[in-house]
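This chain uses plain numbering: 1 for the first residue, then up along the sequence.
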Amino acid sequence: MAQKLPPYLAALNPEQLAAVRHEGSPLLILAGAGSGKTRVVTTKIAWLVRERGIDPASILAVTFTNKAAREMRERAAAIEPACERAVIRTFHSFGAWFLRRNASQAGLAPTFTIYDEDDQATLLHGALPQYERSECRRIAQVIARAKDLGLAPDSRDLARVASDPALRRIYAIYEERLRATGNVDFGDLISLPARLLARDEAVRRRTRQRFRVILVDEYQDSNTAQFELLRLLAGDGSDGIPPAYVCVVGDDDQSIYRFRGAEVRNILSFPELFPGTTIVRLERNYRSYQSILDVAGDVVSHNAGRLGKELKAERRGGDRPRLVLLEDQDEETAYCARICESRVRSGGRWSDVAILYRTNAQSLAFEKEFPRRGIPYRIVGALRFYEREEVKDVLAYLALLLNGRDEVAFARVVNKPARGIGETSLEILTSAASDPERGHGGDFLLAAAAEAEQLRGKAKSGVREFLSLVKSFRGILGASEGSLADLVERVAHDSGLLEYHRGQDEIAGTQKAANIDELVNAATLYPPTAEGLAEFLETIELDRSLSAEDSGADAVTLITMHNTKGLEFPVVIVTGLEQGLFPRDDDEGEELEEQRRLFYVAITRAKDELHLTACRWRRLHGRLYETLPSRFLSEIAPERLAFGGRLIPTGRADTGRVAVQGGGPGAASGSRSAAGPSPWRAGQAVYHEDHGAGVIIKVTPTPNSGPHVVVRFESGKVAQFFPKFTTKLELSRD
């Protein structure tokens, strides 16, 4: 008689249960979209502690967002409370945690702060003033990419990220300046722990003995440096310590962050890099109807770089996804509006609908039209909370309380609000701080105190005022009860920043003062100590989801395809499916495969309804272009789609053009094409204005849009068309 499973295991399907109970060899869990991977990871952590007696402190679980890490901890602890003691963090949060505990070995103070891209650009501009700030920002991004690839300034492969021969020198100058501040950037949170583990045997042995189980969620999003850190943490047994049990969870079909350094080969090659790997595929989808999953499967099956799986829906029923061909962006916007309004009329909510697009600029048409129609909306991916000017101003003051060597923080707020400290005065202080003969050791606060007498007038009194403020704020640290919020509020008020930004609100109608209040609220969870402040600053930098907006509002979601990762909506409309926009015409090879994965991610966000739209005309860069439907649409079997749109005359006798009227809810159905045999057939020679001569390789009739034609051109390019919607494709007369 089979042993009865405890309720938390009995709720799993057979594949999920196999993944949870696996032991011994490395494990790769290929988790398809909507397959319940979070349940598997959290249940596995609880099972290891409850059933296998694993010390929770020896479990390291890493993922890519703080929200995901919090959810993982909460769900595991709900099954087994002892899981609270497991180390469950993001990759970067773990790196910061590791460096603070091994700060002296890493050459850092435990109270270091973390520089973001804006801080990096500021640091570069200070070191290399001959470069414009915009150029410094671009260089900072290149350096960040180099660190993602695990490349130092002296690495032979540095040319992989940029061909500029000056990069090596600039990168070296940046690293020297960054080390002088005593702070780190995001790339350091991965590369510095890896370097320390590689060179320090004592730290390496202590760390490997601590972490005997390592789980990585969203492994398809890992970069080269993160893989190297994982390899060093796991070990290979050559030092006498058995390798850690490694389990990675991910979906190769959802690797869409190559531009951020993500390396899909990490998951594709995992079985070769970790010999003896067991692969468990989670293919049961609990989110979408099969009709939606079939469309997603058709698209991604054209990728060569994948391990392969087939999603099977647990939900029955569902309509076919609808492909609608429209005349231009105005009709596309109107079609989307009708879908939203229809959803609400039928008893749904505005928030049931998400409108997806490839680039942020595509949101503009919706932003203009939706208010006129009374449709509430929210844009996901606007300026993040921690990147806002007013928030960064307060954080700069706080960073200086911990580290007087923080050049970026000092330069940001020493004259904000204005204290008469101009560029010349700032250059004097910067020169003094970096001059070894003056003995300030790079400490900008110490240099400012010593050099203030050289300044004149307002600059002298301004520096003294600033130093007095910092001294008073430092006196509060550790000297008061309550929470860190009291200090943050004092900094915002006494520095003059709150009043300064409140004035900006009155001029521009912004919410800067409210955002400072939100920052104060966030600090209530931390003690008013140096350690509490360091932890707070780390959280602010690492938790990119901190936001002052009400994300629970009932509003249509406008969002890029990249930002939908991990989300789901009852109704999804994927817009702008035209060749040249998505994918771009120059996307080939790995770039094209990633764009195809991006389309797969977009499709699999839909729970109940999926709409796909393409326009005949698209305004780009101030010009109007005639477009072709995306090549990805030709990869979907036509019988999987319902076609929308109806043909109407434009009234322009000079061209004989036809327009496509959106066929959303309430629109009339399109009429079928005239009777008689179609001239479009496989094997027929054709000519296209842009692509030249070709041959039709497939023709599929559609109810409302006429024949769907797939053409292979002499260049080797394959493209698809609805001939009724383009004047550029014609049959050859030869």
Side-chain angles (χ1 to χ4, degrees), residues 290-304 306 308 310 320-326 574 577-585 587-589 592-593 595-597 599-600 603 610 612-616 626-645 647 658 660 663 670 672-734:
Q290 190 65 49
S291 56
I292 294 171
L293 300 181
D294 287 341
V295 169
D298 277 2
V299 171
V300 81
S301 66
H302 285 75
N303 274 358
R306 63 190 299 259
E310 184 177 347
R320 286 183 296 170
R322 188 176 183 85
L323 171 61
V324 183
L325 301 171
L326 301 154
V574 186
L577 292 173
E578 297 115 35
Q579 192 63 31
L581 182 60
F582 184 64
R584 296 181 297 267
D585 286 327
D587 282 336
E588 295 294 343
L592 180 62
E593 295 213 346
Q595 295 305 300
R596 195 177 276 120
R597 292 193 294 268
F599 191 24
Y600 171 88
I603 292 169
L610 173 66
L612 309 173
T613 69
C615 296
R616 178 180 177 183
E626 185 175 14
T627 68
L628 301 172
S630 167
R631 64 188 291 179
F632 294 154
L633 295 176
S634 68
E635 297 170 353
I636 303 169
E639 61 270 16
R640 300 201 193 281
L641 299 170
F643 291 86
L647 305 180
V658 292
V660 184
R672 295 181 182 274
S673 56
S678 169
W680 305 93
R681 59 185 185 277
Q684 176 69 48
V686 295
Y687 184 84
H688 190 275
E689 288 182 21
D690 297 332
H691 303 298
V695 174
I696 298 174
I697 58 176
K698 184 178 180 181
V699 178
T700 306
T702 67
N704 299 316
S705 303
H708 172 267
V709 177
V710 182
V711 179
R712 177 178 288 113
F713 293 99
E714 291 180 348
S715 64
K717 184 180 184 67
V718 175
Q720 54 85 36
F721 310 89
F722 288 90
K724 286 189 176 181
F725 304 154
T726 180
T727 59
K728 291 188 175 184
L729 183 72
E730 60 183 26
L731 296 169
S732 295
R733 304 302 180 190
D734 298 339

*Passes ring pair (Phe, Tyr, Trp, His ring centres under 6.0 Å), His688 versus Phe721? Steps please.*
CA-CA 11 Å; His688 190 275; Phe721 310 89; 5.2 Å; yes
_Asp294: partners by side-chain contact (heavy atoms from CB on, under 4.5 Å), with sequence neighbours left out_ =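 By the side-chain contact (heavy atoms from CB on, under 4.5 Å) rule, Asp294 matches Gln290, Arg640.
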_Going by side-chain contact (heavy atoms from CB on, under 4.5 Å), name the residues that satisfy it together with Ala682, two or more places apart in sequence or in a different chain._
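Counting only residues at least two positions away or on another chain, Ala682 forms no side-chain contact (heavy atoms from CB on, under 4.5 Å).
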Restricting to salt bridge (Lys or Arg N to Asp or Glu O under 4.0 Å), what partner residues turn up for [X], sequence neighbours left out?
| X | result |
| --- | --- |
| Arg712 | none |
| Glu588 | Arg631 |
| Glu635 | Arg596 |

If you round to the nearest 0.5 Å, how far is [atom2] of [Y] from [atom1] of [X]?
| X | Y | atom1 | atom2 | answer |
| --- | --- | --- | --- | --- |
| Leu729 | Leu628 | CG | CG | 8.5 Å |
| Glu639 | Arg320 | CD | CZ | 9.0 Å |
| Asp298 | Tyr600 | CG | OH | 12.0 Å |
| Leu612 | Arg322 | CG | CZ | 11.0 Å |

*asked:* Could you work out, with ring-ring contact (aromatic ring centres under 6.0 Å, His included) as the rule, every residue matching Phe582, not counting sequence neighbours?
replied: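 Phe582: ring-ring contact (aromatic ring centres under 6.0 Å, His included) contacts with Phe599, Phe632.
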*Phe713: what forms a ring-ring contact (aromatic ring centres under 6.0 Å, His included) with it, not counting sequence neighbours?*
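His691.
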Student check: side-chain heavy atoms of [X] and [Y] closer than 4.5 Å:
| X | Y | answer |
| --- | --- | --- |
| Leu581 | Thr627 | no |
| Gln579 | Asp585 | yes |
| Ile636 | Val299 | yes |
| Leu731 | Trp680 | yes |

*With sequence neighbours excluded, tell me which residues meet side-chain hydrogen bond (donor to acceptor under 3.5 Å, both in side chains) with Ser630.*
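Once residues adjacent in sequence are excluded, Ser630 has no partner under the side-chain hydrogen bond (donor to acceptor under 3.5 Å, both in side chains) criterion.
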_Option passing side-chain contact (heavy atoms from CB on, under 4.5 Å) with Val709 (candidates Ile697, Val686, Ile696)_ =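 For Val709, the side-chain contact (heavy atoms from CB on, under 4.5 Å) check succeeds only for Ile696.
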*asked:* Tell me if a side-chain donor or acceptor on Glu593 pairs with a main-chain N or O of Ala304 at a distance below 3.5 Å.
replied: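 Yes: the side chain of Glu593 pairs with the backbone of Ala304.
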_For the student: nearest non-hydrogen atoms of Leu641 and Val295, plus distance_ =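 The pair with the smallest heavy-atom distance is CD2-CG2, 4.1 Å.
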_Heavy-atom pair with the smallest gap, counting every atom of Gln595 and Pro583_ =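 Nearest pair, atom of Gln595 first, then Pro583: CB-CB, 4.3 Å.
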